[in-house]
Amino acid sequence: MIRYAKPTTVDEALALLGGGAWRILAGGTDFYPAQGSKPFRDNVLDINGLTALRGIAETGSHWIIGARTTWTDIIRHPLPPAFDALKQAAREVGSPQIQNVASVAGNLCNASPAADGVPGLLVLDAEVELRSATATRHLPLSAFILGSRRTALRPGEMLTAIHVPKPAGTSAFVKLGARRYLVISIAMVAVRLVAENGTVAQAAVAVGSCSAVARRLAGVEAALLGLPLDAGLVAAVRSAPMAELQPIADVRGSAEYRLDAVREIVARAALEAAGKLTDDKVAA
């Protein structure tokens, strides 16, 4: 017999997870398409009744995003400019109908190399909160997604929140696809810059769809430090090492094309984060 449960409290959900193997159903926007025509073989734990896991809260040191928070919630919530890349990414998650239902945690737990939300959270130094019936632990997002469709979740655990240390600076997100909307990305980038006296004091750059997991680009970040907030950022991006990337070739683009495209869209995102481009000139 396949079991279906829809708990109303987090403790109830964690107790069920600790008592057997379950497949978690959050928004469900990827759950059903991934199932295809195959019959259900897993117990289904529907967490859509867990209202405690939805919403965005501010503490003295962090922003906390509940696991069931939707992309529409991200778009509408008043967040500082450092979150602009995440808000822009939220508008790229399917259609508005999908954004109204799909959860932030579901996007992370699917662990797709093309998950739109991951680069924007990586440049914010996000951590995930993982809870079981007996313990709570925190992991950097970069340590949570292990590969394509693989995460560090242990049996009995559920992702319950994303913790973002209060970030400084401004950010931007650029996605390249075969069309403007409703598309899986060929490449996507998020850039966050912190400026002091007109120069880059801190830089965070993350790229998705160009390796098995989205990655921060340490060489690009280092190349941007100390530069004025002007067109010189483009030259720095184009000459910086990107050794972290190992793109594949598929129906959407060759590996060589992805590497060339990434340099261009990182440069565009850096200029937008620096306030040197308008939104209509950034779109890839």
Side-chain angles (χ1 to χ4, degrees), residues 71 81-94 107 112-124 141-142 169-195 200 202-225 227 229-284:
W71 292 107
F83 281 85
D84 284 354
L86 189 63
K87 284 178 173 280
Q88 291 169 324
R91 294 184 176 92
E92 300 286 351
V93 179
N107 196 247
S112 166
D116 290 313
V118 177
L121 287 168
L122 283 175
V123 299
L124 291 170
L141 178 58
S142 58
T170 54
S171 68
F173 174 84
V174 178
K175 176 176 177 173
L176 173 65
R179 57 181 184 265
R180 183 65 187 89
Y181 297 105
L182 296 170
V183 64
I184 297 173
S185 65
I186 297 170
M188 57 182 164
V189 307
V191 175
R192 179 171 64 91
L193 301 179
V194 178
V200 179
Q202 296 177 39
V205 179
V207 173
S209 285
C210 287
S211 47
V213 298
R215 297 199 181 278
R216 290 273 295 265
L217 302 186
V220 178
E221 293 173 357
L224 293 175
L225 291 179
L227 296 181
L229 298 175
D230 58 24
L233 298 175
V234 174
V237 168
R238 288 178 176 165
S239 62
M242 295 186 175
E244 296 89 348
L245 302 183
Q246 296 177 318
I248 62 169
D250 61 13
V251 295
R252 291 185 292 278
S254 68
E256 294 78 11
Y257 174 71
R258 281 185 161 92
L259 287 174
D260 286 343
V262 160
R263 289 196 183 275
E264 174 63 25
I265 62 176
V266 169
R268 294 188 194 189
L271 287 176
E272 189 193 4
K276 302 303 180 183
L277 279 182
T278 58
D279 288 343
D280 62 328
K281 294 181 179 178
V282 169

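Only heavy atoms go into these numbers, but all of them, side chains included; no hydrogens, no water, no symmetry mates. In this text the structure is predicted, and so the values were computed from the model without any measurement.
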Note: R268-E264 ion pair, threshold 4.0 Å (strictly below): yes
State whether the side chain of R216 and the backbone N or O of V123 hold a donor-acceptor pair below 3.5 Å, judged by distance alone. no
Atom of K175, atom of S185 and distance for their closest heavy-atom approach: CE-CB, 3.6 Å
Excluding sequence neighbours, so at least two apart, what forms side chain to side chain donor-acceptor pair (under 3.5 Å) with R252? D250
Rounded distance [0.5 Å steps], CG in L86 versus CG in L121: 5.0 Å
Treating S171 as the side-chain partner and D84 as the backbone partner, does any N or O pair qualify as donor plus acceptor under 3.5 Å? yes
Nearest non-hydrogen partners of E244 and A218, listed with the distance: OE2-N, 3.0 Å
Rounded to the nearest 0.5 Å, what separates atom CG in L193 from atom CD in E221? 10.0 Å
Say you draw a straight line from CG of L122 to CZ of R215; how long is it, rounded to the nearest 0.5 Å? 10.0 Å
Taking atom SG of C210 and atom CD1 of I265, what is their separation to the nearest 0.5 Å? 7.0 Å
Checking the side chain of T170 only, and the main-chain atoms of A273 only, is there a donor and an acceptor separated by less than 3.5 Å? yes
Between E272 and A172 (side chain of the first, backbone of the second, donor and acceptor by atom type, cut-off under 3.5 Å), is there such a pair? no
Backbone N/O of A240 and side chain of R263: donor-acceptor pair under 3.5 Å: yes
